[in-house]
Number of protein chains: 2
Amino acid sequence: MGNKKKAVTIHDLAQELKVSPSTVSRALNDHASIGKQTKKAVRKLAKERGYRPNTIASSLRTNRSNTFGIMVSWINRPFISSLISGIEEAARESGNRVIISQSHDITELEMENLQVLYDSRISALIVSLAMETTDYSHFELFTKNGIPVVFVDRFPTIHNIHKVHINNFSAAFEATEHLIQQGCRRIAHFGGERHQSIYEDRRSGYIAALKKNNLEVDKSIIIQANLLSAEEGMRLTKQLLDIDNPPDGIFCANDTTAVSVIRCAKSRGIKIPEELAVIGFNNDPICEIIDPPLSSIHHPAIEMGMAAVKQALAILAGDTSTGPVSSVTLDTHVVIRASSDRLGTERSEDGFRGVLPESKVKDSAPQTK
Amino acid sequence: MGNKKKAVTIHDLAQELKVSPSTVSRALNDHASIGKQTKKAVRKLAKERGYRPNTIASSLRTNRSNTFGIMVSWINRPFISSLISGIEEAARESGNRVIISQSHDITELEMENLQVLYDSRISALIVSLAMETTDYSHFELFTKNGIPVVFVDRFPTIHNIHKVHINNFSAAFEATEHLIQQGCRRIAHFGGERHQSIYEDRRSGYIAALKKNNLEVDKSIIIQANLLSAEEGMRLTKQLLDIDNPPDGIFCANDTTAVSVIRCAKSRGIKIPEELAVIGFNNDPICEIIDPPLSSIHHPAIEMGMAAVKQALAILAGDTSTGPVSSVTLDTHVVIRASSDRLGTERSEDGFRGVLPESKVKDSAPQTK
DNA sequence: AATAACAATGCAATCGATTGCGCTTTGCAG
DNA sequence: CTGCAAAGCGCAATCGATTGCATTGTTATT
């Protein structure tokens with residue numbers, strides 16, 4: 001183990017076959033102007049000697065690294081890890097590698113790590129913004145140097161960008177209307193940083209649904225969180241449930257806080273969904289696990305990752321059919337479970353209902369280790 | 001956007017400063033034989049022109065890519081994504097990039113993707129084996145070429161390897177003894193593929209605990225799963241609970257199947273932990289979410305990732321203090337929750353107990369999006 | 001048979017950074 | 001004033017693969 005014998009190069013093959021390195025290179029790349037015999041001989045020897053192309057050298061010469069960079073907040077979050085899984089798969093299928101980097105939701109770290117990605121001369125960058133980030137100038141390093149940047153999920157509030165996203169407004173609208181249909185009349189909202197458009201849009205969709213249904217918009221039950229973490233969720237829910245006129249429904253901007261709401265409510269003996277109907281966002285695996293199962297918005301993480309790669313590839317191929325920028329919107333849908341199902345139509349015994357989109361998610365992301 | 005002006009190189013800087021590229025290179029790398037003034041001037045101009053080193057060129061010349069390759073089964077599993085998060089962080093801190101690849105638990109895909117990683121001339125490889133994999137010859141490509149391979153979690157059953165792991169035997173032993181202490185006398189086991197040593201060891205630890213406590217080892221309640229998926233868990237649990245003499249406790253080789261056991265048992269009205277005590281493995285986030293909360297073995301995913309990087313760095317630095325191979329074993333511990341706590345000492349109201357190792361996990365991996 | 005056309009291969013530059021070796025200058029001791 | 005070392009910097013090769021252009025050998029055309 002650990003021998004440091006040098007790897008085989010095309011020069012080694014060339015020497016042995018008494019041809020030039022150019023010929024070897026072309027033979028391996030199936031260039032038209034190389035004879036059949038030669039190609040066969042080269043490939044045979046390459047295999048025998050265990051030749052493997054040096055991607056680094058190739059990248060330097062061709063100026064194409066065939067590598068995508070990913071910048072996300074935290075790798076170990078259900079939505080993000082599925083997103084990455086989708087990116088990895090689509091990238092691999094198109095012959096690209098994937099370098100990964102996390103910002104820990106801190107803008108400064110995002111900036112630092114972007115430098116590293118740039119130094120790696122990635123072919124394209126796929127980003128989901130750090131929660132903190134409000135200034136986007138650090139992405140110009142890429143755009144100004146001709147490296148496509150595709151934003152996924154959390155994207156900047158500026159116009160000239162490529163992005164893959166969902167319609168957060170309408171998803172939130174549907175979620176809220178669902179609660180209203182279930183009889184809720186005083187619906188609270190758990191929202192994230194408003195400078196992140198996805199959270200602002202979810203908030204707007206929620207408010208629009210209330211207004212459309214002639215329900216009061218009470219800002220005292222619109223909760224503002226920073227990171228939408230479990231701890232925040234627990235702490236803020238306690239406050240919310242302590243007020244004189246507590247809500248009878250709540251729409252949370254993510255599942256993590258929704259779970260905290262359920263746990264807090266349960267500990268107080270508040271019946272879900274009868275006294276408090278809850279719906280989250282993302283359709284994380286925990287939705288099916290918690291008792292009662294949590295209604296949510298299905299957020300197509302893997303598909304979003306794949307779409308981002310597809311979009312990056314199109315840009316690299318010079319596809320300008322969508323104009324200077326492109327925006328892909330993926331579909332979401334409400335997944336109704338017991339936490340919001342006051343009419344009792346969706347209940348089951350063991351909680352295993354063959355809901356189509358969910359089994360689909362499971363197929364591509366089994367919760368095994 | 002999308003201008004294709006070429007990036008600044010050291011030659012551009014050299015020309016403008018009327019010095020040689022060598023000087024620029026050395027100045028930027030803080031080489032001793034370059035004058036103070038020169039260094040200052042070079043760095044100033046580099047900054048002004050937005051110079052960024054081309055890692056690809058540097059890698060080619062120095063034969064060091066400063067890139068770690070990761071090969072895992074699925075990125076989007078709680079344990080794996082935390083593992084990767086740890087790897088990414090430790091790698092970044094040591095100035096290394098991270099390329100990621102997934103095998104989907106299929107050996108063939110593992111082999112194919114390893115080729116790609118090799119072609120990228122990664123500095124070191126960190127692997128958690130595909131469930132299927134029993135032959136390890138495809139890793140020789142790396143070892144024979146002097147590229148360190150560090151196995152994490154799922155490792156080969158051969159000796160001359162570097163690895164980071166836990167003591168699966170003793171963890172399983174402790175888990176099983178815990179069930180026995182709680183009064184269980186007929187304990188079942190849900191195991192994974194036995195050719196994967198981690199699952200074989202968990203099984204052995206379980207059996208050893210039974211024997212030590214003079215309990216019968218009944219193979220009819222040792223369940224063999226392939227992927228340890230939720231579906232498998234549900235299907236096999238149904239069979240298990242249908243037998244004449246059902247178990248009063250079960251130790252599962254992962255949390256996913258343990259959750260299935262709980263859900264299946266609940267749907268049949270079996271009381272947990274009174275009639276069936278359950279303990280899983282990994283301490284995934286779902287453990288705290290499910291009702292009743294699931295006891296488990298804390299599996300230090302992030303720390304394992306960091307340890308693997310540390311180990312790889314040591315090998316690259318030529319550290320032979322551990323001999324030709326090195327093995328790092330990290331600690332685990334039983335996390336007792338309601339699913340196995342028949343004595344009722346660990347209960348709480350809202351399920352938020354400030355268990356130290358858990359809050360630690362949360363700090364580094366908040367369940368937010 | 002002479003020439004055009006083409007197929008197959010080689011030559012050498014190139015991508016951007018690094019580095020061993022050698023050259024020039026300055027400083028200082030003898 | 002000479003000699004010599006150290007400081008500061010440049011030359012040119014190098015890493016491995018790619019590619020425009022030149023070259024050789026072969027076949028087809030008139």
Side-chain angles (χ1 to χ4, degrees), chain A residues 4-43 45-46 49-67 95 118-123 145-146, chain B residues 4-43 45-46 49-67 95 118-123 145-146:
Chain A
K4 283 185 183 171
K5 67 174 183 189
K6 271 184 302 189
V8 184
T9 73
I10 53 170
H11 292 87
D12 301 329
L13 301 181
Q15 198 165 24
E16 193 162 351
L17 286 170
K18 300 195 192 313
V19 295
S20 75
S22 334
T23 301
V24 175
S25 172
R26 285 192 260 252
L28 292 171
N29 290 319
D30 207 21
H31 193 283
S33 76
I34 298 293
K36 265 194 166 183
Q37 338 278 340
T38 315
K39 280 184 186 172
K40 196 174 286 179
V42 169
R43 286 178 188 156
L45 188 70
R49 296 284 170 272
Y51 169 80
R52 290 264 88 211
N54 184 325
T55 326
I56 296 176
S58 173
S59 294
L60 177 60
R61 177 59 227 255
T62 62
N63 202 28
R64 282 180 282 106
S65 67
N66 293 112
T67 302
Y118 177 76
D119 295 352
S120 303
R121 296 299 188 270
I122 52 175
S123 307
N145 281 83
Chain B
K4 284 185 185 171
K5 68 174 182 189
K6 270 185 302 187
V8 184
T9 72
I10 53 171
H11 292 87
D12 301 330
L13 301 180
Q15 197 165 26
E16 193 162 350
L17 287 169
K18 299 195 195 312
V19 295
S20 76
S22 333
T23 301
V24 175
S25 172
R26 285 192 259 254
L28 293 171
N29 290 319
D30 206 21
H31 193 283
S33 76
I34 298 295
K36 266 195 165 184
Q37 337 279 340
T38 315
K39 280 185 186 173
K40 195 174 287 179
V42 168
R43 286 177 188 157
L45 189 69
R49 295 286 171 272
Y51 169 80
R52 290 265 87 210
N54 185 325
T55 326
I56 295 175
S58 172
S59 295
L60 177 61
R61 177 59 227 256
T62 62
N63 202 29
R64 282 180 284 104
S65 68
N66 292 113
T67 302
Y118 176 77
D119 295 352
S120 302
R121 296 299 186 270
I122 52 175
S123 307
N145 281 84

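Source: prediction; values computed, not measured.
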Side-chain donor-acceptor pair present, B/D12, B/Y51, cut-off under 3.5 Å
no

Any side-chain donor-acceptor pair under 3.5 Å between A/S25 and A/S22?
no

Separation between CD1 (A/I34) and NZ (A/K39), nearest 0.5 Å, reads 7.5 Å

What contact category does A/K36 fall into here, base, sugar-phosphate, or nothing, at under 4.0 angstrom with non-hydrogen atoms?
nothing

Which whole-number value in Å describes the distance from A/L17 CG to C/dT9 P?
11 Å

Could you tell me whether B/S59 contacts a base, only the sugar-phosphate backbone, or nothing, with contacts defined as non-hydrogen atoms closer than 4.0 Å?
nothing

Point-to-point distance, once rounded to the nearest 0.5 Å, from CZ of A/R26 to OG of A/S20
7.0 Å

Residue pair A/S58 / A/T55, side-chain donor-acceptor N/O under 3.5 Å
no

According to a strict under-4.0 Å criterion, is B/S22 in side-chain N/O contact with OP1 or OP2 of C/dT19?
no

Value in whole Å for how far the C1' atom of C/dA17 lies from CD1 of A/I56:
13 Å

Distance check needed: D/dG10 P versus B/Q15 CD, whole Å only.
13 Å

Integer-rounded Å distance: C/dG16 P and B/L60 CG:
12 Å

How is A/T62 classified with respect to the nucleic acid when contacts are heavy atoms under 4.0 Å: base, sugar-phosphate, or nothing?
sugar-phosphate

Figure out the CG/C1' separation between B/N66 and C/dA17, and round it to whole Å.
13 Å

Rounded to whole Å, please give me the gap between CZ in A/R61 and P in C/dT14.
9 Å

Just N and O in the side chain of B/S20: are any of them under 4.0 Å from OP1 or OP2 of D/dG10?
yes

Looking only at the side chains, is there a donor atom on one of B/T67 and B/S123 sitting less than 3.5 Å from an acceptor on the other?
no

Heavy atoms under 4.0 Å, any strand shown: does B/N63 hit a base, just sugar-phosphate, or nothing?
nothing

OP1 or OP2 of D/dT18 less than 4.0 angstrom from a side-chain nitrogen or oxygen of A/S25, does that happen here?
yes

Using whole Å, report how far CG of A/N29 lies from C1' of D/dG20.
16 Å

Which sits closer to the 5' end of DNA chain C, B/A57 or B/T23, going by the nucleotide each is nearest to?
B/A57

Base, sugar-phosphate alone, or nothing: which one does B/T55 contact when heavy atoms must sit under 4.0 Å apart?
nothing

What contact category does B/V19 fall into here, base, sugar-phosphate, or nothing, at under 4.0 angstrom with non-hydrogen atoms?
sugar-phosphate

Answer with base, sugar-phosphate or nothing: what part of the nucleic acid does A/S58 contact at a heavy-atom distance below 4.0 Å?
sugar-phosphate

Measure the distance from NE2 on A/H31 to C1' on C/dT9 and round it to the nearest whole Å.
11 Å

When all nucleic acid strands are considered with a 4.0 Å heavy-atom cut-off, which category describes B/T9: base, sugar-phosphate, or nothing?
sugar-phosphate

Tell me if the side-chain of A/R26 makes a donor-acceptor pair with the base of D/dG20, cut-off 3.5 Å, by modelled atom types.
yes

Report yes if a side-chain nitrogen or oxygen of B/T38 is closer than 4.0 Å to either non-bridging phosphate oxygen (OP1 or OP2) of D/dG8; otherwise report no.
no

